[in-house]
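In what follows, a structure is listed as structure tokens, so that the remarks can point back to it.
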Amino acid sequence: MADSADVQHGVEDQSKRDFLYLAAGAVGAVGVAAAVWPMINSLNPSADVLALASIDVDLSPIAVGQSITVTWRGKPVFIRHRTEEEIAEAQAVPLEDLIDVQSDDERVEQPQWLVMVGVCTHLGCIPLGQNPNDNKGEFGGWFCPCHGSHYDTSGRIRRGPAPRNLEVPAYTFIDETTITIG
């Protein structure tokens, strides 16, 4: 028969064993977390990428009819101060004539300012049309000479292999002459 001291000793051993299992498990979990955290943290965007997440652009030096290019997230962004003729031309296009149907009003916050990512939606080329002497294509906007995509004065694809309009990034007007892209 088991002595009461042996029973008591067995209970103490069981209690010690449970504690050792829990302590070893906790130390193991902390060790795994310490080893895995650097790998998980490396998936976060770096500081230089976060700094480029949004940019402010001063529009005041851009004359009517002039375009500038800024870099946002490593991509060129075309900003054009459109003339009254360009605005009228863009608004007059029948939507059924468009490959990627989007009205001019859907692409701009203020009609005189067109903001879009300057990357052709066909194969990622940079379309011509930012400089006054560039070939602007058949529709007076931008032209991608690599494969012949023609964009209108609203950046919409009108002819060529590009499947979509030039992308309009998220942007907001901070005041009359400053926008934040991103």
Side-chain angles (χ1 to χ4, degrees), residues 36-91 93 95 98-137 139-147 149-158 160-182:
V36 171
W37 177 251
M39 291 185 290
I40 292 172
N41 193 36
S42 72
L43 298 175
N44 288 328
S46 62
D48 59 336
V49 170
L50 289 174
L52 296 175
S54 66
I55 60 168
D56 291 341
V57 181
D58 180 14
L59 303 175
S60 60
I62 308 171
V64 175
Q66 183 183 12
S67 296
I68 66 164
T69 303
V70 297
T71 302
W72 170 68
R73 293 186 181 174
K75 300 176 193 171
V77 174
F78 296 166
I79 301 173
R80 178 146 181 92
H81 193 169
R82 299 191 299 177
T83 64
E84 290 297 325
E85 295 80 26
E86 290 171 331
I87 295 168
E89 182 180 320
Q91 292 175 343
V93 173
L95 294 181
L98 300 174
I99 295 169
D100 182 9
V101 179
Q102 199 175 26
S103 71
D104 185 60
D105 292 338
E106 294 175 71
R107 297 184 54 77
V108 296
E109 286 191 26
Q110 294 182 12
Q112 70 272 25
W113 295 108
L114 178 64
V115 179
M116 60 194 177
V117 177
V119 176
C120 180
T121 58
H122 179 234
L123 291 176
C125 306
I126 309 294
L128 300 175
Q130 285 296 89
N131 298 319
N133 298 329
D134 283 352
N135 181 350
K136 296 185 185 302
F139 301 94
W142 290 264
F143 173 67
C144 185
C146 301
H147 301 99
S149 293
H150 297 256
Y151 298 91
D152 67 9
T153 58
S154 188
R156 298 173 296 197
I157 183 65
R158 298 294 300 279
R164 294 179 318 281
N165 302 330
L166 294 175
E167 177 189 350
V168 175
Y171 71 95
T172 55
F173 278 86
I174 296 173
D175 56 39
E176 290 295 315
T177 61
T178 309
I179 61 169
T180 297
I181 301 173

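For this chain, numbers begin at 1 and follow the sequence in order.
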For [X] and [Y], indicate whether the former's side chain and the latter's backbone hold a donor-acceptor pair under 3.5 Å.
X	Y	value
Asp100	Asn165	yes
Asp175	Thr178	yes
Arg82	Leu114	no
Asp58	Ser60	yes

Starting at [atom1] of [X], measure out to [atom2] of [Y] and round the result to the nearest 0.5 Å.
X	Y	atom1	atom2	value
Asp152	Lys136	CG	NZ	13.0 Å
Glu167	Cys120	CD	SG	13.0 Å
Asp104	Leu95	CG	CG	10.0 Å
Met116	Ile181	CE	CD1	12.0 Å
Tyr171	Trp72	OH	CH2	12.5 Å
Ile62	His81	CD1	NE2	8.5 Å

Of the non-hydrogen atoms in [X] and [Y], which two are nearest, and what is the gap between them?
X	Y	result
Ser42	Met39	OG-O, 2.7 Å
His122	Ala162	CB-CA, 3.7 Å
Glu106	Ser103	OE2-N, 2.9 Å
Tyr151	Pro127	CE1-CG, 4.4 Å
Val119	Gly124	CG1-CA, 3.5 Å
Asp56	Ile174	OD1-CD1, 3.6 Å

### Message
Tell me every residue that passes side chain to side chain donor-acceptor pair (under 3.5 Å) with Arg80, counting only those two or more places apart in sequence or in another chain.
### Response
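Here the qualifying residues are Ser67, Glu86.
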So do the side chains of [X] and [Y] get within less than 4.5 Å of each other, counting heavy atoms only?
X	Y	result
Val57	Val77	no
Ile179	Trp113	no
Ile157	Pro163	no

## Note on the structure
The residue among Val93, Leu166, Ile99, Val101 that forms side-chain contact (heavy atoms from CB on, under 4.5 Å) with Arg156 is Val93
#### Entry: side-chain contact (heavy atoms from CB on, under 4.5 Å) between Arg158 and Leu98, worked out
CA-CA 6 Å; Arg158 298 294 300 279; Leu98 300 174; 3.5 Å; yes
### Task
Give the C-alpha distance, both sets of side-chain angles, the deciding distance and a yes or no for side-chain contact (heavy atoms from CB on, under 4.5 Å) between Phe78 and Ile126.
CA-CA 10 Å; Phe78 296 166; Ile126 309 294; 4.0 Å; yes
### Query
Does atom CD of Gln110 have more than 12 heavy-atom neighbours, drawn from other residues, nucleotides or ligands, at distances under 6.0 Å?
yes
### Task
Please state whether the rings of Phe139 and His150 are parallel, tilted or perpendicular, taking 30° and 60° as the class boundaries.
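Because their plane-to-plane angle is over 60°, the rings of Phe139 and His150 count as perpendicular.
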### Task
Return the set of residues passing salt bridge (charged side-chain N to carboxylate O under 4.0 Å, His left out) with Arg107 (not counting sequence neighbours), or none when no residue passes.
none
